[in-house]
Chemist: 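Below is the structure I would like to discuss, written out as structure tokens.
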Amino acid sequence: MRLGYPCINWSIECRGNKTFRLKSYSEKRLVETVGTNLDCLQQMLRWNVDHGLYFFRISSDLVPFASHEVNTFDWVDHFQSTLQSIGSYSKQQNIRISMHPDQFTVLNSKDSDVVNRSIAELKYHAEVLDAMELADDAKIQIHVGGVYGDKEASKTRFAANYKHLPESVKRRLVIENDDRSYSVKDCLDISEQIGIPVLFDSFHHELLHNGESYSEAILLCSKSWKTEDGCLMIDYSSQAEGERKGKHAENINLDHFRELLQCLDFYNFDMILEIKDKETSAMKALPVLEEFEVEVVV
DNA sequence: GCGTGTCAAGTGAAA
DNA sequence: TTTCACTTGACACGC
């Protein structure tokens with residue numbers, strides 16, 4: 001099992017998700033920003049290896065406006081050697097990489113413009129991982145999308161649009177259960193139709209489910225991952241105390257984390273902690289895994 | 001320098 | 001009908 005956190009490391013000086021306003025777009029600004037972000041990504045990965053964290057989600061802001069029409073710059077070519085070198089380091093260290101396009105990526109939208117922009121965004125994410133020369137186990141995770149008053153039709157539309165995606169996206173795309181529309185069962189229905197792996201989000205599952213235990217849900221999701229996909233990916237979080245339902249915790253609740261681990265029969269998965277203080281919580285979670293004698297990648 | 005309104009993009013629930 | 005939340009932070013304008 002590998003443990004990680006998303007996008008930002010607060011312990012080091014730099015941020016790997018620097019961006020700027022569309023109004024101030026220029027090729028110079030883009031090159032500077034991407035250069036800074038890649039440099040920081042390298043630093044974060046090294047920090048992670050030094051601290052026993054071998055799973056990392058790269059920020060979608062790595063290349064600002066990557067799928068926007070304003071951006072005609074061939075950033076893949078320009079940053080090829082850097083991307084390749086980061087990818088090579090990741091493979092050498094056995095680091096698992098993922099990405100999570102934001103909420104504007106809606107593959108099952110009823111608006112074809114939204115679908116086309118979503119596909120462009122997915123292509124960008126695939127380009128990053130491809131330029132890093134990562135294997136198919138480096139995934140791009142998205143939610144199923146909107147319901148539009150008819151969930152079954154919207155699931156079918158997702159499956160239909162998926163079939164038209166370029167191969168570079170298909171081999172990396174996975175779907176994740178969300179907290180208000182598409183449960184694990186809904187995702188598995190889609191998976192049965194098109195063979196897409198289902199990423200398990202434990203917090204969303206607490207908020208929206210069909211009565212499956214953690215253990216049952218994880219086993220079911222796990223089966224949707226083929227050998228070349230790598231092991232199941234899990235997103236973990238817990239409720240922020242006294243906050244709106246569904247809000248992610250500021251820091252890890254170790255009792256809650258132990259409760260989840262106690263429910264499980266096997267630990268053959270990689271886990272991202274979606275908790276606000278990022279690497280700090282991940283570092284607190286590592287010793288808990290030891291309590292459960294989970295075999296952690298080192 | 002600092003305070004703060006706003007940022008490319010979608011959807012649905014809450015206010 | 002508008003605002004808010006979503007991995008939210010931080011850019012950049014105006015003083």
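Values below: all heavy atoms of this structure, side chains included; hydrogens, waters and symmetry mates excluded. Just so we're on the same page: letters track the sequence lines, and every chain starts at 1.
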Chemist: Have a look at A/Tyr5 and say if it touches a base, only the backbone sugar-phosphate, or nothing, with a 4.0 Å heavy-atom cut-off.
Modeler: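 Nothing, no nucleic acid heavy atom in range.
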Chemist: In whole Å, what separates the C1' atom of C/dG9 from that of C/dA5?
Modeler: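 Their C1' atoms lie roughly 15 Å apart.
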Chemist: Using a heavy-atom cut-off of 4.0 Å across all strands, would you classify A/Asp235 as base, sugar-phosphate, or nothing?
Modeler: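 Nothing, no nucleic acid heavy atom in range.
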Chemist: Heavy atoms under 4.0 Å, any strand shown: does A/Thr105 hit a base, just sugar-phosphate, or nothing?
Modeler: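 The answer is nothing, as A/Thr105 stays clear of every strand by at least 4.0 Å.
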Chemist: Suppose we call two aromatic rings close when their centres sit under 6.0 Å apart. Are A/Tyr236 and A/His205 close by that rule?
Modeler: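 No, they do not, as the ring centres are separated by 6.0 Å or more.
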Chemist: Examine the side chains of A/Tyr5 and A/Asn48 and answer whether a donor and an acceptor come within less than 3.5 Å of each other.
Modeler: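 A pair is found: one side chain offers a donor N or O, the other an acceptor, under 3.5 Å apart.
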Chemist: Where does the angle between the aromatic ring planes of A/His51 and A/Trp47 fall among parallel (under 30°), tilted (30 to 60°) and perpendicular (over 60°)?
Modeler: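 Parallel.
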Chemist: Can you tell me, in whole Å, how much space there is between the C1' of B/dG5 and that of C/dT3?
Modeler: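 Comparing C1' positions in B/dG5 and C/dT3 gives a spacing of 15 Å.
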Chemist: Indicate if A/Phe55 and A/Trp10 have the same hydrophobic cluster label, given that clusters are the connected sets of ILVMFWY residues with side-chain heavy-atom separations under 4.5 angstrom.
Modeler: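 No, no single cluster joins them.
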Chemist: Could you state the atom-to-atom distance from CZ of A/Phe65 to C1' of C/dC11 in whole Å?
Modeler: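 About 10 Å, once rounded to whole Å.
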Chemist: Would you say the ring centers of A/Phe20 and A/Phe65 fall short of 6.0 Å from each other?
Modeler: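 For A/Phe20 and A/Phe65, the ring centres are under 6.0 Å apart.
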Chemist: Within less than 4.0 Å of OP1 or OP2 of C/dC11, is there a side-chain N or O belonging to A/Lys18?
Modeler: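 It does, given that an N or O in the side chain of A/Lys18 lies less than 4.0 Å from OP1 or OP2 of C/dC11.
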Chemist: For A/Val70, report the nucleic acid contact type (base, sugar-phosphate, nothing); a contact means any heavy atom under 4.0 Å.
Modeler: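 Contact class for A/Val70: none.
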Chemist: Looking only at atom P, what distance separates C/dC4 and B/dC7, rounded to whole Å?
Modeler: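 The same atom, P, in both gives a distance of 14 Å.
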Chemist: Salt-bridged, A/Lys28 to A/Glu32, with N to O below 4.0 Å?
Modeler: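 Looking at A/Glu32 together with A/Lys28, the answer is yes, because their closest N to O distance falls below 4.0 Å.
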Chemist: What is the distance, to the nearest angstrom, from the CE atom on A/Met271 to the P atom on C/dT7?
Modeler: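 Whole-Å distance recorded here is 17 Å.
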Chemist: With the threshold set at 4.0 Å, does a side-chain nitrogen-carboxylate oxygen contact exist between A/Asp130 and A/Arg172?
Modeler: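 Judged by the 4.0 Å cut-off on N to carboxylate O distance, A/Asp130 and A/Arg172 do form a salt bridge.
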Chemist: What is the pairing partner of B/dG1, taking Watson-Crick or G-U wobble pairs with both distances under 3.5 Å in any strand?
Modeler: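 Here B/dG1 is engaged in a pair, and the nucleotide opposite it is C/dC15.
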Chemist: Rounded to the Å, how far apart are A/Asp61 CG and C/dT7 C1'?
Modeler: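 Rounded to whole Å, this separation is 11 Å.
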Chemist: Between A/Phe200 and A/Trp225, is the ring centroid distance below 6.0 Å?
Modeler: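 No: the rings miss the under 6.0 Å criterion.
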Chemist: Using the P atoms only, state how far C/dC11 lies from B/dG10, rounded to an integer number of Å.
Modeler: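 It comes out at 23 Å once rounded to the nearest Å.
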Chemist: To the nearest Å, how far apart are A/Arg15 CZ and C/dG9 P?
Modeler: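 It works out to 11 Å between those atoms.
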Chemist: With a non-hydrogen cut-off below 4.0 angstrom, is A/Thr19 in contact with a base, only sugar-phosphate, or nothing?
Modeler: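 Answer is sugar-phosphate: A/Thr19 comes under 4.0 Å of backbone atoms only.
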Chemist: Using atom CG of A/Asn17 as one end and atom C1' of C/dC11 as the other, report the distance to the nearest whole Å.
Modeler: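 From A/Asn17 CG to C/dC11 C1': 12 Å.
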Chemist: What's the gap between B/dG1 and C/dT7 when it is taken at their C1' atoms, as a whole Å value?
Modeler: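 These two C1' atoms come out 31 Å apart once rounded.
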Chemist: In whole angstroms, how far is the C1' atom of C/dC6 from the CG atom of A/Asp201?
Modeler: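 Going from CG in A/Asp201 over to C1' in C/dC6 covers 12 Å.
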Chemist: In the structure shown, which nucleotide is the Watson-Crick or G-U wobble counterpart of C/dT8, with both distances under 3.5 Å?
Modeler: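 Looking at the geometry, C/dT8 pairs with no nucleotide.
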Chemist: Do A/Arg157 and A/Ser154 get their side chains close enough for a donor-acceptor pair, meaning under 3.5 Å?
Modeler: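 Judged by distance alone, the side chains do pair up.
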Chemist: Which is true for A/Arg180 with a 4.0 Å heavy-atom rule: it touches a base, it touches only sugar-phosphate, or it touches nothing?
Modeler: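 Base: the residue A/Arg180, judged by heavy atoms under 4.0 Å, touches a nucleobase.
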Chemist: Does a side-chain N or O of A/Lys276 approach OP1 or OP2 of C/dT8 to a distance below 4.0 Å, or not?
Modeler: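 Yes.
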Chemist: With rounding to the closest Å, how many angstrom separate the P atoms on C/dT1 and B/dA8?
Modeler: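 C/dT1 and B/dA8 have their P atoms separated by 27 Å.
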Chemist: Touch check for A/Arg117, heavy atoms < 4.0 angstrom, all strands: base, sugar-phosphate only, or nothing?
Modeler: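 Sugar-phosphate contact only.
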Chemist: Go through DNA chain B in 5' to 3' direction and return only the first and the last nucleotide with some atom under 4.0 Å of chain A's heavy atoms.
Modeler: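 First-to-last contact on DNA chain B, by the 4.0 Å heavy-atom rule, is B/dT6 to B/dG12.
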Chemist: Atom CG of A/Asp277 to atom C1' of C/dG9: distance rounded to whole Å?
Modeler: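 Atom CG in A/Asp277 sits about 16 Å away from atom C1' in C/dG9.
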Chemist: Can a side chain N or O of A/Ser24 be found less than 4.0 Å away from OP1 or OP2 on C/dA12?
Modeler: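 It does, given that an N or O in the side chain of A/Ser24 lies less than 4.0 Å from OP1 or OP2 of C/dA12.
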Chemist: CG of A/Leu199 versus C1' of C/dT7: gap in Å, rounded?
Modeler: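 Answer to the nearest Å: 13 Å.
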Chemist: With nearest nucleotides of DNA chain C determined for A/Pro6 and A/Phe20 from heavy-atom distances, which residue corresponds to the more 5′ nucleotide?
Modeler: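 Counting from the 5' end, the first nearest nucleotide belongs to A/Pro6.
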